[in-house]
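Have a look at the structure below before the remarks.
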Protein chains: 2
Amino acid sequence: MEDKHEEKLNKAQERVIETLAKNMELYGITMSTGLLYGTMLFQDKAMTLDEMGEALGMSKTSMSTGVRTLMDLQMVDKIWKKGTRKDHYEVNLDWHQTFIDFFSLKWRAASEQNVHAMKKSRLELQSLLQNEELSEDLKARVERSITRIDNALAYYDWLSRFIDTMESHEIFELVPKDPVKK
Amino acid sequence: MEDKHEEKLNKAQERVIETLAKNMELYGITMSTGLLYGTMLFQDKAMTLDEMGEALGMSKTSMSTGVRTLMDLQMVDKIWKKGTRKDHYEVNLDWHQTFIDFFSLKWRAASEQNVHAMKKSRLELQSLLQNEELSEDLKARVERSITRIDNALAYYDWLSRFIDTMESHEIFELVPKDPVKK
DNA sequence: ATCTTTGTTCAGAAAAAACTTTACGTACTT
DNA sequence: AAGTACGTAAAGTTTTTTCTGAACAAAGAT
């Protein structure tokens, strides 16, 4: 009888875990790592690599790499347990912060690289324009490229300020954590 | 001589295209599709599938699937050209809108699925709690699971409102497209 | 100092994804 | 109506990613 209840609990947890994992896949986290995250989420204790491997039926090596991915994204934390030599991990329950960290990590890095490349190319094109002996056709194409780049740069400038408002938590003034009651 | 200039233009464009493509990979767009996007970005005309295949040295089938991905994300538009039977595509230059579309499409879908699963599981757990003959231990674990779910649901509620402010462009009041001059 | 325990690196196997070729359906042309 | 041009679906191949098991290095225990 007790088993029946136990099973219901597991069923309910597994539905959430699997849905979560499948959707994490959408933004670059592997299904297995997602399952790992979900499993830790419903665990009442911080887990060791061996426990994870046991729970998912996977190798400890995979747990090691999975948990590192989650650590890099600040989705789990390594915690101190005295008396044992094993590392223990638990999920970071501040999902708002997790979102912000994930977002700023990925998008900031990408946009900085893009901006760098665009500025460099823009300079080159600008100096190409100085050139007297440039055919009309080519000149037009260069100018057009510069326009395209400027358009993109304006967006990245916005994106950068957007990420700022998240990192500074200013975003919570526009979109409060607790919905304003009417 | 003219070729020299031509080459400089290409070099400058390719740097941007490749950086862009590499970073698009980070959020689920394949490198080739990213290259396709970048190529179209610097093209002065809407492109046909054949032109794309030509430009990237890839099969037309790949162009077809790539361009569809970009269409789904609203990153390119199919446009009408009279007099020809081929489809023509060009990039959507409103990057702010592209960002919003991408974001709301991907994140909204994911969070709706997660919320659905969580609410369903939450109900099951709640009804499990009604049960008299529940061991203390199991009861505590069920309650804990509900807490975890509620925590996540609060975040998804916030995320939903967050996406709303983007879709409604309200976000541009907090983070203006044009930086305010001091 | 030697022997364990623990996490990680590395090489190879298994699985998944991306790409191409062939084939097909639809719509336009003649 | 027959032929051609076009986009996409399906099947097959190649490339990439993920996962595992063995070997290793660091730290602790005896």
Side-chain angles (χ1 to χ4, degrees), chain A residues 17-18 20-40 43 45-73 75-90 106, chain B residues 17-18 20-40 43 45-73 75-90 106:
Chain A
I17 293 173
E18 275 166 32
L20 223 43
K22 185 163 301 179
N23 285 317
M24 285 167 81
E25 232 182 351
L26 284 181
Y27 28 95
I29 291 172
T30 193
M31 180 90 189
S32 321
T33 303
L35 289 173
L36 176 58
Y37 176 81
T39 303
M40 293 175 72
Q43 210 68 19
K45 325 213 108 239
M47 294 180 87
T48 65
L49 292 180
D50 290 307
E51 289 166 347
M52 296 173 199
E54 172 73 18
L56 297 187
M58 288 180 70
S59 73
K60 190 153 80 159
T61 304
S62 294
M63 298 305 100
S64 177
T65 59
V67 95
R68 180 163 45 190
T69 305
L70 294 173
M71 288 257 292
D72 290 347
L73 295 171
M75 296 179 75
V76 309
D77 299 315
K78 186 192 279 195
I79 65 162
W80 246 99
K81 282 247 173 162
K82 65 181 174 188
T84 174
R85 271 157 77 190
K86 304 194 184 196
D87 293 345
H88 290 248
Y89 300 90
E90 66 182 11
K106 296 271 191 178
Chain B
I17 292 173
E18 275 167 32
L20 223 43
K22 186 163 299 179
N23 285 319
M24 285 168 81
E25 230 181 354
L26 285 181
Y27 29 94
I29 292 171
T30 195
M31 180 90 189
S32 324
T33 303
L35 290 172
L36 175 57
Y37 176 81
T39 304
M40 292 174 72
Q43 209 67 19
K45 325 213 108 238
M47 294 181 87
T48 66
L49 292 180
D50 289 306
E51 288 166 349
M52 298 174 198
E54 172 73 18
L56 298 188
M58 288 179 69
S59 72
K60 190 156 78 159
T61 304
S62 293
M63 298 304 100
S64 176
T65 60
V67 95
R68 181 164 45 190
T69 304
L70 294 173
M71 288 257 292
D72 289 347
L73 295 172
M75 296 179 75
V76 308
D77 299 315
K78 187 193 282 196
I79 65 163
W80 245 100
K81 282 247 173 163
K82 65 181 173 188
T84 175
R85 270 157 77 191
K86 302 197 185 196
D87 294 345
H88 290 249
Y89 300 90
E90 67 183 11
K106 294 269 191 183

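Reminder, nothing fancy here: chain letters follow the sequence lines and each chain counts from 1.
In this structure, A:M71 atom CE and C:dG7 atom C1' are separated by 12 Å, rounded to whole Å. Atoms CG (A:D50) and P (C:dG7) sit 6 Å apart, rounded to a whole Å. Distance B:I29 CD1 to C:dA18 C1': 15 Å, rounded to the nearest Å. Between the C1' atom of D:dG7 and the CE atom of B:M52 lies a distance of 12 Å, rounded to the nearest Å. Straight-line distance from the CG atom of B:L35 to the C1' atom of C:dA18: 13 Å, rounded to whole Å. Atom NZ in B:K81 sits roughly 21 Å away from atom P in D:dA5 (whole-Å rounding). The interatomic distance linking A:H88 (NE2) with C:dG7 (P) rounds to 8 Å, in whole Å. In this entry the distance linking CG of A:L56 with C1' of D:dT20 reads 15 Å, nearest Å.
Between B:L56 and B:L36, the closest side-chain pair of non-hydrogen atoms falls below 4.5 Å.
A 6.0 Å sphere centred on NZ of A:K22 holds no more than 12 heavy atoms belonging to other residues, nucleotides or ligands.
Comparing C:dT6, C:dT20, D:dC19 against the side chain of A:K86 picks out C:dT6 as the nearest.
For C:dC19, neither phosphate oxygen OP1 nor OP2 lies less than 4.0 angstrom from any side-chain nitrogen or oxygen of B:S62.
At a cut-off of 3.5 Å, with distance as the only test, a side-chain donor of B:S59 or B:S62 sits close to an acceptor on the other residue.
Side chain of A:T30 to main chain of A:T33: no donor-acceptor pair is present (N/O by atom type, distance under 3.5 Å, no hydrogens or angles).
No N or O donor and acceptor, one from the side chain of A:R85 and one from the base of C:dT6, sit under 3.5 Å apart.
Within the nucleic acid shown, B:M31 has no heavy atom closer than 4.0 Å to any nucleic acid atom.
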Between the protein and nucleotides 8-11 of chain D, list the N/O to N/O atom pairs that are separated by less than 3.5 angstrom.
unit_1, atom_1, unit_2, atom_2, d
D:dT8, OP2, B:S64, OG, 2.5
D:dA9, OP2, B:R68, NH2, 3.3
D:dA9, N6, B:T61, OG1, 3.4

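For the atom pair NZ of A:K106 and CG of B:L26, the computed distance is 6.0 Å after rounding to the nearest 0.5 Å.
Under the rule for a side chain to side chain donor-acceptor pair (under 3.5 Å), A:K81 has no partner lying at least two apart in sequence or in another chain.
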